[in-house]
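Step one of this worksheet: look at the structure below.
Within every chain, numbering begins at 1; the chains are lettered A, B, ... in the order of the sequence lines, protein sequences first and strands thereafter.
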2 protein chains.
Amino acid sequence: MNKQNLPTFDPLNPLIFTERMAQILNEKQKELIEKIGVIHEQHGMQPLMGRILGLILVIEEAEVTFDDIVAHLNVSKSAVSYALNFLQLQRFVIYRTKPGERKRYFYLDIEDWDQILKKELCNVADINSFFKEVIELRGNAKPEFNNKLKDLCEFLEYLKEEIPLMFERFKKNKS
Amino acid sequence: MNKQNLPTFDPLNPLIFTERMAQILNEKQKELIEKIGVIHEQHGMQPLMGRILGLILVIEEAEVTFDDIVAHLNVSKSAVSYALNFLQLQRFVIYRTKPGERKRYFYLDIEDWDQILKKELCNVADINSFFKEVIELRGNAKPEFNNKLKDLCEFLEYLKEEIPLMFERFKKNKS
DNA sequence: TTGTTTGTTCACAAAAAAAAGAACCAGCTT
DNA sequence: AAGCTGGTTCTTTTTTTTGTGAACAAACAA
């Protein structure tokens with residue numbers, strides 16, 4: 001089913017769907033959106049933002065309009081406006097427009113998905129920078145502890161170097 | 001300076017320090033504790049918990065008592081109790097006791113720091129499991145998107161396999 | 001010009017998270 | 001037995017986060 005087709009009306013769903021709107025979500029999809037939302041929350045993201053990402057992943061079109069989000073996720077326009085601005089700022093989503101329409105179609109910038117991973121992996125880098133500061137600042141009362149910390153840092157450095165190489169090896173392996 | 005020495009009294013600091021207490025923190029240390037707290041918050045951890053981890057990392061002793069936390073972080077006993085229980089449950093900290101004392105000395109379970117990393121890296125695994133669910137559920141309207149998603153998953157799988165090997169290589173390299 | 005679509009902004013409300021505080025308790029000391 | 005020490009538990013308060021709704025606005029359409 002694509003956007004040209006009118007979605008079948010679900011009498012159990014109180015929302016009014018218009019012909020512009022993306023497909024109606026089934027239970028599995030709704031569940032998965034929530035789950036994706038929750039893991040994003042657990043990683044420090046705001047609830048609605050996580051669910052927007054879930055929505056984009058789950059719907060067949062792989063893109064949503066402002067109104068799709070309002071309707072499917074049943075939230076206010078202002079919340080959506082705020083969330084989308086944030087997600088764009090963080091480069092999680094981008095939008096395109098379609099000829100003759102003013103509406104924005106938001107989608108995941110998955111084209112270079114290695115970016116997504118790099119973002120995840122720079123968490124590790126963050127942690128490392130703090131460990132380094134810690135080591136700088138620590139006294140010498142617990143040399144064993146300090147050494148463990150240094151080992152950890154070293155490994156993180158190693159990881160940071162190796163991961164880009166892994167990207168390359170993977171790509172080579174594929175082609 | 002160690003716990004046997006009475007810390008010098010800081011007239012700007014309203015807290016009353018007793019002879020039991022760990023060193024008085026300097027500004028750099030306090031700052032770093034807050035920073036470590038914030039990055040943990042951003043990763044979904046509660047503020048106090050993050051700062052407790054920061055405190056343990058930063059103080060020379062590399063271990064804290066319940067009262068150290070109350071005094072240095074200036075929070076209530078109940079908050080500390082809750083936070084410590086959580087941190088123990090998540091295996092972030094463990095405690096030991098000292099002969100003749102009832103007090104618990106909490107410290108980071110950094111002995112096998114690879115655990116800490118594995119915890120971080122299993123986030124990646126989490127994400128992968130959700131991507132897999134997404135792929136299962138997705139229709140075929142956007143094959144390019146689906147393929148990108150599959151590539152991403154494949155790479156994550158590859159990463160999961162390779163990372164333990166990297167641990168080994170690193171250890172071998174060290175010894 | 002008036003209305004419609006596609007949003008944004010801001011002041012506020014609701015809900016959830018975090019922390020406080022008081023009461024309690026077990027084990028040890030005196 | 002009465003008082004400390006080293007906490008725990010429960011209820012309440014405070015703070016922060018998240019979301020709402022009304023008003024506004026730009027761009028286009030009738």
Nearest nucleotide by nearest heavy atom, which residue falls closer to the 5' end of DNA chain C, Phe106(A) or Pro47(B)?
Phe106(A)
Check this for me: does any side-chain nitrogen of one of Glu101(A) and Arg96(A) sit under 4.0 Å from a carboxylate oxygen of the other?
no
Whole angstrom value for the distance that separates C1' of dA19(C) from CG of Leu84(B)
14 Å
Integer-rounded Å distance: dT17(D) C1' and Tyr82(A) OH
10 Å
Rounded off to whole Å, could you give me the CE-to-C1' distance for the Met45(B) and dA17(C) pair?
15 Å
Choose from dA27(D), dT8(D), dT20(D) the nucleotide whose nearest atom is closest to any side-chain atom of Lys77(B).
dT8(D)
How close or far is atom P of dG19(D) from atom CZ of Phe86(A), stated in whole angstroms?
13 Å
Nearest whole Å is fine: how far is dT8(C) C1' from Leu87(A) CG?
16 Å
Checking Lys103(A) against Phe66(A): charged group under 6.0 Å from the ring centre and within 45 degrees of the axis?
no
To the nearest angstrom, the CD1-P distance between Ile69(B) and dG6(D) comes to 14 Å
By nearest atom, which of the nucleotides dT18(D), dA19(C), dA26(C) is closest to the Gln46(A) side chain?
dT18(D)
5'-most contact on DNA chain C (nearest-nucleotide basis), Glu41(A) vs Asn85(A), goes to Asn85(A)
Strictly below 4.0 Å: does Arg104(A) bring a side-chain N or O up to OP1 or OP2 of dT5(C)?
no
Are the ring centres of Tyr105(B) and Tyr95(B) closer than 6.0 Å?
no
Rounded to whole Å, the CD-C1' distance (Glu101(B) to dG7(D)) equals 15 Å
Salt-bridged, Glu154(A) to Lys174(B), with N to O below 4.0 Å?
yes
Could you state the atom-to-atom distance from NZ of Lys98(A) to P of dT5(C) in whole Å?
19 Å
On a plain distance test, is the side chain of Arg102(A) in donor-acceptor contact with the base of dT6(C) below 3.5 Å?
no
The nucleotide from dT18(D), dG6(D), dA22(C) with an atom nearest the side chain of Ser78(B) is dA22(C)
Please work out if Ala79(B) contacts a base, only the sugar-phosphate, or nothing of the nucleic acid, heavy-atom cut-off 4.0 Å.
sugar-phosphate
If you check every side-chain atom of Lys103(A), which of dG21(C), dA26(D), dG7(C) has the closest atom?
dG7(C)
What I want to find out is whether Glu27(B) reaches Lys30(B) closely enough, with some N-O distance under 4.0 Å, to be called a salt bridge.
yes
